[in-house]
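One structure is given below, encoded as structure tokens.
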Amino acid sequence: MSPQSRSRKKATSQRSVGHRADAGPGLALPGLEQLYATLARASAELTVLASPLQAELWTSTQLGVLERAAPDTGAHRRALADLLFYFRRSRTPGTYAFLRAFAAIGPRELRADAAVAADGLIKGLTDGPGDGPGEGPGEGAGPAWLPALGRVMPGETWLIQDGSLGGDQIVCEFRYADGGGPLHALLVQITQGRATQLLAIGDVPGMMAQVRQGVAAEECAVLRLDPAAAGARLRAALAGDTSEHPEDFDVILAFARHRIETLP
């Protein structure tokens with residue numbers, strides 16, 4: 001049996017009011033400027049989300065769309081750097097929240113750059129106007145969940161074995177530090193040593209109730225797993241090229257990578 005998640009978000013819609021940062025000549029891939037503008041418009045959705053988990057999944061979705069669109073690793077890296085540059089100059093509450101979420105769960109090698117871009121966005125507001133009166137965030141602005149982004153601790157881990165799936169499922173529970181967000185879990189299906197499915201589980205008690213029903217019906221077996229063993233196996237399963245996976249794999253990939261980093 002495969003517990004399902006309702007936490008994944010669809011890729012962003014383009015039905016937003018006009019938005020354009022004065023990007024200037026600094027973009028490495030100017031042909032993607034319209035895509036960056038679309039993401040900047042859509043980032044307004046972040047500010048009305050209820051929890052850091054929702055914000056992280058939303059951000060992961062957008063990063064997954066960008067990763068799948070890039071023809072190669074080098075172009076993907078340049079597109080991410082462009083995105084940070086563009087968002088820093090956009091100066092809206094949404095782009096600020098996105099930069100903070102990127103700094104928390106985005107690709108590790110660019111998290112520090114995203115944090116600098118967010119700091120620069122705030123500082124830049126004192127140097128000149130943003131896209132319109134009152135549109136830019138001030139000091140301390142943004143959703144209440146901003147400080148909780150990425151601050152999670154691993155909890156229990158389980159191995160679910162179900163012969164009908166053709167592989168194992170590893171489920172890792174996570175809690176936000178200081179109760180800053182909801183309990184949740186990451187489920188990874190592993191087939192022949194490779195990750196073939198990723199799910200964010202927002203209702204952990206509900207998922208475990210499903211699993212217990214499966215155990216009672218002798219449909220699957222569940223074992224507690226050492227978090228360090230889970231971390232080692234998951235890192236190996238996600239190593240290498242992920243381009244052959246379906247789109248719904250990509251949109252949760254940044255979120256999954258971050259959570260797996262927190263495992264010992």
Side-chain angles (χ1 to χ4, degrees), residues 1-12 49 51-70 73 76 80 101-102 104-108 111 149-150 152-162 164-176 181-204 206-208 210-211 214 220 222 225 227 229-264:
M1 65 183 293
S2 175
Q4 297 298 311
S5 167
R6 297 182 180 178
S7 296
R8 290 181 296 177
K9 302 294 181 183
K10 293 182 180 180
T12 183
L49 295 180
S51 73
L53 178 61
Q54 291 178 345
E56 289 167 358
L57 290 169
W58 191 97
T59 301
S60 183
T61 295
Q62 314 316 318
L63 293 175
V65 169
L66 196 60
E67 182 167 359
R68 178 160 285 264
T73 301
H76 178 228
L80 288 173
F102 189 119
I105 63 119
R108 178 184 284 183
R111 288 177 193 166
L149 289 168
V152 298
M153 301 172 293
E156 295 187 85
T157 56
W158 302 276
L159 174 66
I160 302 175
Q161 295 179 316
D162 183 338
S164 67
L165 296 174
D168 294 338
Q169 292 181 333
I170 294 178
V171 179
C172 303
E173 179 185 280
F174 297 93
R175 299 176 184 273
Y176 282 90
L183 172 70
H184 58 284
L186 172 70
L187 182 150
V188 182
Q189 168 93 18
I190 299 178
T191 305
Q192 296 181 347
R194 296 191 62 193
T196 54
Q197 184 183 37
L198 302 173
L199 290 174
I201 307 295
D203 180 8
V204 178
M207 178 206 69
M208 292 309 297
Q210 290 182 31
V211 171
C220 65
V222 180
L225 192 61
R233 190 169 177 190
L234 291 175
R235 282 186 279 271
L238 277 176
D241 184 17
T242 60
S243 61
E244 296 181 1
H245 291 98
E247 182 178 350
D248 62 352
F249 188 97
D250 290 338
V251 298
I252 199 174
L253 192 54
F255 174 84
R257 284 169 173 160
H258 172 266
R259 291 307 191 260
I260 292 169
E261 285 176 16
T262 69
L263 294 169

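Keep in mind it's a predicted model, so treat the numbers as computed, not measured. Count residues from 1 along the sequence.
Inter-residue side-chain proximity for Leu187 and Gln169 is flagged as met; some heavy-atom pair is nearer than 4.5 Å. Residues Asp250 and Val65 fail the side-chain proximity criterion, which asks for heavy atoms closer than 4.5 Å. Side-chain contact check for Phe174 versus His258: every heavy-atom pair is 4.5 Å or farther apart. Contact annotation: the side chain of Cys172 never approaches that of Thr262 to less than 4.5 Å [non-hydrogen atoms, C-beta and beyond]. Taking the side chain as every heavy atom from C-beta outward, Leu225 and Trp158 never approach each other to under 4.5 Å.
In this view, Pro107 and Leu63, Leu80, Phe102, Glu109 satisfy the side-chain contact (heavy atoms from CB on, under 4.5 Å) rule, not counting sequence neighbours. In this view, Thr191 and Gln189, Thr196 satisfy the side-chain contact (heavy atoms from CB on, under 4.5 Å) rule, not counting sequence neighbours. Every residue two or more places apart in sequence or in another chain that forms a salt bridge (charged side-chain N to carboxylate O under 4.0 Å, His left out) with Arg111 is listed here: Glu261. Qualifying side-chain contact (heavy atoms from CB on, under 4.5 Å) partners for Ala104, counting only residues two or more places apart in sequence or in other chains: Leu149. For Arg233, the side-chain contact (heavy atoms from CB on, under 4.5 Å) partners two or more places apart in sequence, or in a different chain, are Leu159, Asp168, Ile170, Ile190.
The stretch residues 52-66 participates, sequence neighbours left out, in these salt bridge (charged side-chain N to carboxylate O under 4.0 Å, His left out) pairs: Glu56-Arg259.
Shown here for Gly150 and Ile105, the closest heavy-atom pair between the two residues is CA-CG2, 4.2 Å. Of all heavy-atom pairs spanning Gly155 and Pro227, the tightest one is O-CG, 4.3 Å. The minimum heavy-atom distance between Leu183 and Glu173, with the atom names listed, is CD1-CG, 3.3 Å. Of all heavy-atom pairs spanning Ser60 and Leu253, the tightest one is OG-N, 3.8 Å. Between Ala101 and Thr59, the shortest heavy-atom distance links the atoms CB-OG1, 3.2 Å.
In this structure, CG on Leu198 lies 6.0 Å from CD1 on Ile252, to the nearest 0.5 angstrom.
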What's the verdict on side chain to side chain contact (heavy atoms under 4.5 Å, CB included) for Leu53 and Tyr176, showing C-alpha distance, side-chain angles and the deciding distance? CA-CA 9 Å; Leu53 178 61; Tyr176 282 90; 3.5 Å; yes

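Between the side chain of Thr157 and the backbone N or O of Val171 there is no donor-acceptor pair closer than 3.5 Å.
Within a 6.0 Å radius of CZ in Arg108, other residues, nucleotides and ligands contribute 12 heavy atoms or fewer.
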